[in-house]
Amino acid sequence: MVLRTDFDRLTTRVFDSATRSGGARLDAYREGDSFFIDIDLPGVDPASIDVTVDRKVLSIRAERKRAQREGVTYLVAERPMGPVSRQVFLSDSLDTDRLDARYDNGVLTLSIPVTEQAKPRKFEVAAA
């Protein structure tokens with residue numbers, strides 16, 4: 001017989017791994033003439049973060065490592081360790097040559113300007 005708490009743990013593990021799948025969670029938004037992506041990468045050494053763009057596919061890879069300390073035996077180790085990755089398909093309207101990446105307080109923020117051609121334009125209507 002499966003207890004309710006066992007069922008809850010099982011479904012949480014299944015759905016959590018299905019939504020995470022080793023990927024980092026992110027927010028994407030546009031502000032003014034730039035597109036931003038904020039990616040949660042807590043506990044990651046900034047030197048391990050690799051950001052690449054290939055044919056409008058943005059790939060982010062990093063690795064979370066547990067500090068090795070002599071004489072320490074972990075009784076509980078729930079914090080996820082190991083490689084983390086995420087891919088985002090970008091629009092042609094973004095100028096990936098001018099991508100800016102900053103890491104602060106466990107969040108990688110990518111800023112990508114919108115190309116001049118993709119910016120909204122206003123046209124005057126001539127009266128006849």
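Positions are given from 1, in the same order as the sequence printed here. These figures come from a predicted structure and were not determined experimentally.
Remark: the D95 side chain and the T115 side chain contain no N/O donor-acceptor pair separated by less than 3.5 Å.
Residues R66 and A77 come closest through the heavy atom pair NH2-CB, 3.7 Å. Counting all heavy atoms, side chain and backbone alike, A28 lies closest to F35 at CB-CZ, 3.8 Å.
Looking at heavy atoms from C-beta onward, L108 lies in side-chain contact with V51 at the 4.5 angstrom threshold. Between R64 and P42 the shortest side-chain heavy-atom distance falls below 4.5 Å.
A single hydrophobic cluster is not seen to contain both V84 and M81; linkage of ILVMFWY side chains at heavy-atom distances under 4.5 Å, directly or through other members, places them apart. Taking hydrophobic clusters as Ile, Leu, Val, Met, Phe, Trp and Tyr residues chained together by side-chain heavy-atom distances below 4.5 Å, V107 does not share a cluster with F36.
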Donor-acceptor pairs under 3.5 Å, side chain of residues 52-62 to any protein atom, not counting sequence neighbours: which ones?
unit_1	atom_1	unit_2	atom_2	d
K56	NZ	L94	O	3.0
S59	OG	Q87	NE2	3.2

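In terms of modelled atom types and a separation under 3.5 Å, the side chain of Y103 and the main chain of V44 share a donor-acceptor contact.
Rounding to the nearest 0.5 angstrom, the gap separating the OG1 atom in T109 from the CG atom in D104 is 7.5 Å. Interatomic distance, S34 OG to L99 CG, rounded to the nearest 0.5 Å: 10.5 Å. Going from atom CG of L26 over to atom CZ of R86 covers 4.0 Å, rounded to the nearest 0.5 Å. Atom CZ of R30 sits about 9.5 Å away from atom OG of S91, to the nearest 0.5 Å. Note that CG of L90 is 5.0 Å distant from CD1 of I112, once rounded to the nearest 0.5 Å.
Atom OH of Y74 is surrounded by more than 12 heavy atoms from other residues, nucleotides or ligands within 6.0 Å.
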